[in-house]
Asker: 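My questions all concern the structure below.
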Amino acid sequence: MATQPIQNHHKGAYMSLMRGLNKLDFCGTSVPSNLLLTGYHAFPLVMNSQGQVLMAASIYGRGRIVVLGHESYMTTFPELVENAVLWLIEDGSDNLSVGVQKNLKAVADNLSKSIFQVNVGETFSENPEVGVYVTDAYNVGEDPKDLVAFLKDGGGVLIGGQAWHWASQHPKENTLLNFPGNKVSGVAGIYFSEHPGQVECLPIYPEIPSSWMAVVIGKDFEDDLEFLLQGISEFDLQNGVAASEVLVHGPLAFPIGTTEDGRVFLAGAYYGQGRVVVITHEGLLRRETLAPVWNNAIRWLDQGRDGVIGVVPQLDQAFDLFCKSDLNCMKTNLREDLSVFVCTAYSDDHVEEIQDFVAEGGGLLIGGHAWHWAQTHRDQNPMTDFPGNKILNKMGLSLLENIIWEGSYKAPVPSQAIKDTHHFRHLLHRFAGHVNEGKELTKHEEEGLKKLSGDCANYLCMKAHDSCSYTLVMSILTNILKKLGICPVKSPKDHLLLSLGAEVYKVSPDPDALLHYLIKDNPSSPVVKNQRIWVTANTAGGEEWISTGLYLSPGMKTYMVIPAEIVNKGWKVQIGCQTDRLNAAELKRAPHVCERIPITSEMMQVWNLWGGLIYLIAPPKTQVEGVEVIVQMAVPAPYYRSGVTTAADWSLLRTAPAPWGELEFDNIILTVPSDVVRDLERPDELASHWDAIMRAVADLSAIPQIFPRKERFVTDVQISHGWMHAGYPIMAHKPIAAQLVSVEHARTKDLWGPIHELGHNQQRGCWEFPPHTTEATCNLWAVYVHEEVLGINRAQAHEAMTLEKRNKRAADYATAGRNISNWNVWVALETYIQLQEKFGWDAFKKVFAAYHQMSNFPRDDKGKMNLYAETFSQTVEMNLAGFFKAWGWPIETTTDEKLSNLPPWSDHPMVQYD
């Protein structure tokens, strides 16, 4: 199939190496090795139609290396060799001396005709002062480390050969580590593999070649798993462990331990000439039940050297455990003379030193989780900023913020594990084959598409644009999206494409070229320019969204000028009002359509694939007064603000072209589709309506009339759960929008649902008894607002509140034994309604006010229920213990004693059921 170009910073190197070449004819008698590329800086020079790499180049340390899949190519393609030697000479170096291994005398003869000073010798050690060394892959010297040190220090290496014949002669040896050429090229992430390459006459592409078929796993790892899992039947992750998931994404990385649903917590990888094992919680390194696992892992990492195992001092319990296995352990930080280094994933002090240690043959056992770091570093990217990932990403492994909870997990059967692989590349390769060649996916692979979606999203967050492996994946995903686009979302495949579209767009070097494949209907809208937004914030009520009244169309970019006072102070720009993340089988919109961008400079460019209203997000406990933000270009939205927007302003603003509008009143902001407010002629009347509602909410809650943070409602075509749900903002389905902006509807029908959610936001843990009251006490506000503001009796406000239904619930509850486990929702609400009908709303206001003055509340339901019974009784000056007992509350003797001096409520409504 035709290859596709990759764009990254290796482009210049590729152009230099292939200069003057139009095609390379490989159709001779030589059978090359398929080269396996794993290095961060490794990139292909020639790729056949099967995605096999026949020539490649890379960088290691300060040096450069070019690898040819057969030594004969050194004479078959003299122009390429000359280009390679010129590129291999260190930048700025005038050392044109080239050392050539004696078996390649014909290469030396060719190079001598050019500008190079050529020295032919038996080994590299005979020509240590050369700028470039040329050798076949079979004669790299008795100690290849000398050649590796030369490369690392800035030397250039040209090496050619094939490993398939060697592998056939050494069937029990590990080709990746033991084939002579790999002891040099492997440190730079290029391996001669045991697999022959298919020969063709190949054109030279203007860009670095790429193919979906190149996304392969470089080894089956059965022998490694046999070694690592010897004597292991299960992995004990019990007793309070919360590990991270690890993404296995490198061609030479593989899972070792997984959950039943395929999430990886223990993994290994080859890296250069060394190996790595990662366990996703460092506490497991000291666990006695896992001692055999670490014994196997360390011996695998040691590669038979019987060397020193260095363990960082903070892992002293792990050190003691390892010593019991007769391992030669030492408490130390990283040293070059170690065989294996054991450390945690929480420091990035020696990233390059650790990577070089492994690449040059060392073993690394590293433990740690990323979920806690991610929770405490919300503004950072775990894939790039978490210390452990700075070490591990290049090794083909990454710690994720996803949590794997405690459990006991069966060890895989090695022969089966290589078939049921949980490897990112396996599923990506299969899915790309499905898209490009129509290959059918198995049921297991279909089921894995959801995981692939998440894995792709995490992988793309590495933003490793300098890595050819990363840009290869980017190229494949981009081509998939261009080929399939985004369809109505019903199947796992549709979900994957939708998720991929958003994630690839974020990191694409040319997102505009992708836009029309992702957004089919994106008409242009009139814009306004250089809009000045005056920002005042006092976030005593927590993080706050500040509306701008502006909108960005899907993919539309704008610059914002930010005042210095809020730069690097925790402020963000948010594009989009729908913050719910969806997890539904059938989607009516993308799962995540809201973007937040930290404010880190006084001039910043912002955009969102899905578009959205523009907000400034003020962090908690911040105060600014009248600072100016300028938005260079945006679409105006219908935006009304009480006390600011005049009737004349609104007559124009309500026709503004943005699809979303906002109505901001004294204590609440309504975000609705614009077509709902186009015909709203008197927003001031709606403002008065909502101001009265919100004053009533505050009144019942015994809090100030002006909320510390205005409530928000957002209506959407699809939300994460329920018909509505509480929070900031309160989310509701789109049909609710018309009810929110209609005074008539509220006063003639009801507004139970929205007020119910506002009630949720007023609930407080100190007087809530979850799960019993979660959906009960919030309805106190619904009853109160309907009766006190809207003039609708409780029986008319909701069908469940008729006297007949209320009485039946109470009777049924009492008859069934007054079991507190059945005291939920409407049954639980009846308890509070009976109190209200006896003592009035003022009693509740006084009780809530009393709670505002308290501290050190009980944490368990029993303790909180006794405190509530005591508080309500003291407030109304009547002993309510008998009433609450009649409802099955666990009233204690001490509570009875505290209330014994008050007159009892002996004729309460539940007496009739005794």
Asker: For Lys451, is there an ion pair with Glu245 - N to carboxylate O distance below 4.0 angstrom?
Answerer: yes
Asker: Within the side chain of Ser244, is there an N or O that forms a donor-acceptor pair under 3.5 Å with the backbone of Trp371?
Answerer: yes
Asker: Are Glu336 and Glu353 close enough that some pair of their side-chain heavy atoms sits under 4.5 Å apart?
Answerer: no
Asker: Quick one: pull up CH2 in Trp164 and NE2 in His70 and give me the separation to the nearest 0.5 Å.
Answerer: 7.0 Å
Asker: Measure across Val184 and Val148 and return the closest heavy-atom pair with its distance rounded to 0.1 Å.
Answerer: CA-CG2, 4.0 Å
Asker: Do Pro509 and Met474 touch side chain to side chain, with heavy atoms closer than 4.5 Å?
Answerer: yes
Asker: Are there over 12 heavy-atom neighbours, none belonging to Lys331, within less than 6.0 Å of that residue's NZ?
Answerer: yes
Asker: Run through Val276, Val308, Val312 and flag the one making a side chain to side chain contact (heavy atoms under 4.5 Å, CB included) with Phe341.
Answerer: Val312
Asker: Do any N or O atoms from the side chain of Asn328 and from the backbone of Asp306 form a donor-acceptor pair under 3.5 angstrom?
Answerer: no
Asker: If you draw a 6.0 Å radius around NZ in Lys506, do more than 12 non-hydrogen atoms from other residues or ligands fall strictly inside?
Answerer: yes
Asker: For Asp223 and Asp220, which heavy atoms make the closest approach, and how far apart are they?
Answerer: OD1-OD1, 4.4 Å
Asker: For Trp373 and Pro387, which heavy atoms make the closest approach, and how far apart are they?
Answerer: NE1-CD, 3.8 Å
Asker: Given 3.5 Å as the limit, does a donor-acceptor pair link the side chain of Ser398 with the main chain of Met383, or not?
Answerer: no
Asker: Using a 6.0 Å cut-off, check whether atom CD of Glu447 has over 12 heavy atoms from anything other than its own residue.
Answerer: yes
Asker: Over 60° means perpendicular and under 30° means parallel, so tell me whether Trp212 and His429 are parallel, tilted or perpendicular.
Answerer: tilted
Asker: Ion pair present between Lys145 and Asp143, side-chain N to carboxylate O less than 4.0 angstrom?
Answerer: no
Asker: Between Asn34 and Ser193, is any side-chain donor less than 3.5 angstrom from a side-chain acceptor?
Answerer: no
Asker: Would you indicate whether the side-chain heavy atoms of Ile480 and Leu497 approach each other to under 4.5 Å?
Answerer: yes
Asker: Using modelled atom types only, decide if a donor and an acceptor are shared between the side chain of Gln355 and the backbone of Lys390 within a distance under 3.5 Å.
Answerer: yes
Asker: Under a 4.5 Å cut-off applied to non-hydrogen side-chain atoms, are Asp356 and Tyr60 in contact?
Answerer: yes
Asker: Just by modelled atom types, is the Leu496 backbone N or O under 3.5 Å from a matching donor or acceptor in the Ser499 side chain?
Answerer: no
Asker: Please report the interatomic distance CG(Asp494) to CG(Leu484), rounded to the nearest 0.5 Å.
Answerer: 9.5 Å
Asker: Kindly say whether Asn389 contributes a backbone atom to a donor-acceptor pair with the side chain of Asn393 at under 3.5 angstrom?
Answerer: yes
Asker: For His377, look at atom NE2 and say whether over 12 heavy atoms of other residues, nucleotides or ligands are found less than 6.0 Å away.
Answerer: yes
Asker: If we ignore hydrogens and angles and just use 3.5 Å, is the side chain of Gln273 paired with the main-chain N or O of Asn182 as donor and acceptor?
Answerer: yes
Asker: So do His170 and Asn178 actually touch side chain to side chain, heavy atoms under 4.5 Å?
Answerer: no
Asker: Can you confirm whether Gln314 is buried at CD, in the sense that more than 12 heavy atoms of other residues, nucleotides or ligands lie under 6.0 Å from that atom?
Answerer: yes
Asker: Classify the ring geometry of His465 against Tyr470: parallel below 30°, tilted from 30° to 60°, perpendicular beyond 60°.
Answerer: perpendicular
Asker: How far apart are the C-alpha atoms of Val473 and Phe424, what are their side-chain angles, what is the distance that settles it, and do they pass the side chain to side chain contact (heavy atoms under 4.5 Å, CB included) test?
Answerer: CA-CA 11 Å; Val473 172; Phe424 165 64; 4.2 Å; yes
Asker: As an exercise, state the distance from CG of Leu500 to CG of Leu460, rounded to the nearest 0.5 Å.
Answerer: 7.5 Å
Asker: Apply side chain to side chain contact (heavy atoms under 4.5 Å, CB included) to Leu35 and Leu54, showing your working.
Answerer: CA-CA 6 Å; Leu35 302 178; Leu54 307 184; 6.0 Å; no
Asker: In Å and rounded to the nearest 0.5 Å, what is the CG to NE2 distance from Leu392 to His249?
Answerer: 8.5 Å
Asker: Taking the side chain as every heavy atom from C-beta outward, state whether Asn174 and Lys219 have any pair of such atoms under 4.5 Å apart.
Answerer: yes
Asker: From His423 NE2 over to Ile217 CD1, what is the distance, rounded to the nearest 0.5 angstrom?
Answerer: 4.5 Å
Asker: Passes side chain to side chain contact (heavy atoms under 4.5 Å, CB included), Leu36 versus Leu176? Steps please.
Answerer: CA-CA 9 Å; Leu36 177 63; Leu176 297 176; 4.2 Å; yes
Asker: Is the number of heavy atoms from other residues, nucleotides or ligands under 6.0 Å of Asp326 CG greater than 12?
Answerer: no
Asker: What I'd like to find out is whether the side chain of Leu177 reaches to under 4.5 Å of the side chain of Arg275, using heavy atoms alone.
Answerer: yes
Asker: Measure the acute angle between the ring planes of His369 and His372, then classify it against the limits of 30° and 60° as parallel, tilted or perpendicular.
Answerer: perpendicular
Asker: Between Gln52 and Pro196, is there a donor-acceptor pair closer than 3.5 Å when you use the side chain of the first and the backbone of the second?
Answerer: yes
Asker: Main chain of Gly51, side chain of Asn48: is a donor-acceptor contact present, judged purely on distance under 3.5 Å?
Answerer: yes
Asker: Using the ring of each side chain (for Trp, its six-membered ring), is Phe265 parallel, tilted or perpendicular to Tyr409, with breaks at 30° and 60°?
Answerer: tilted
Asker: Is Leu321 close to Leu285 at the side-chain level, that is, under 4.5 Å between some pair of heavy atoms?
Answerer: no
Asker: If you compare all heavy atoms of Trp405 against all heavy atoms of Ala242, which two are closest, and at what distance to 0.1 Å?
Answerer: CZ3-CB, 3.8 Å
Asker: Looking only at heavy atoms, which two atoms of Thr478 and Val504 are closest? And how far apart?
Answerer: OG1-CG1, 3.6 Å
Asker: Give a yes or no on whether the backbone of Asn381 and the side-chain of Asp385 come within a donor-acceptor separation of less than 3.5 Å.
Answerer: yes
Asker: Over all heavy atoms of both residues, which pair between Phe254 and Ala269 is shortest? Give the atoms and the distance, please.
Answerer: CE2-N, 3.9 Å
Asker: Walk me through it: do Tyr459 and Glu503 pass the test side chain to side chain contact (heavy atoms under 4.5 Å, CB included)?
Answerer: CA-CA 10 Å; Tyr459 182 83; Glu503 298 302 329; over 6 Å; no
Asker: To the nearest 0.5 Å, what is the distance between CG on Leu37 and CG on Leu252?
Answerer: 10.5 Å
Asker: Is the count of non-hydrogen atoms from other residues, nucleotides or ligands lying under 6.0 Å from His434 atom NE2 greater than 12?
Answerer: yes
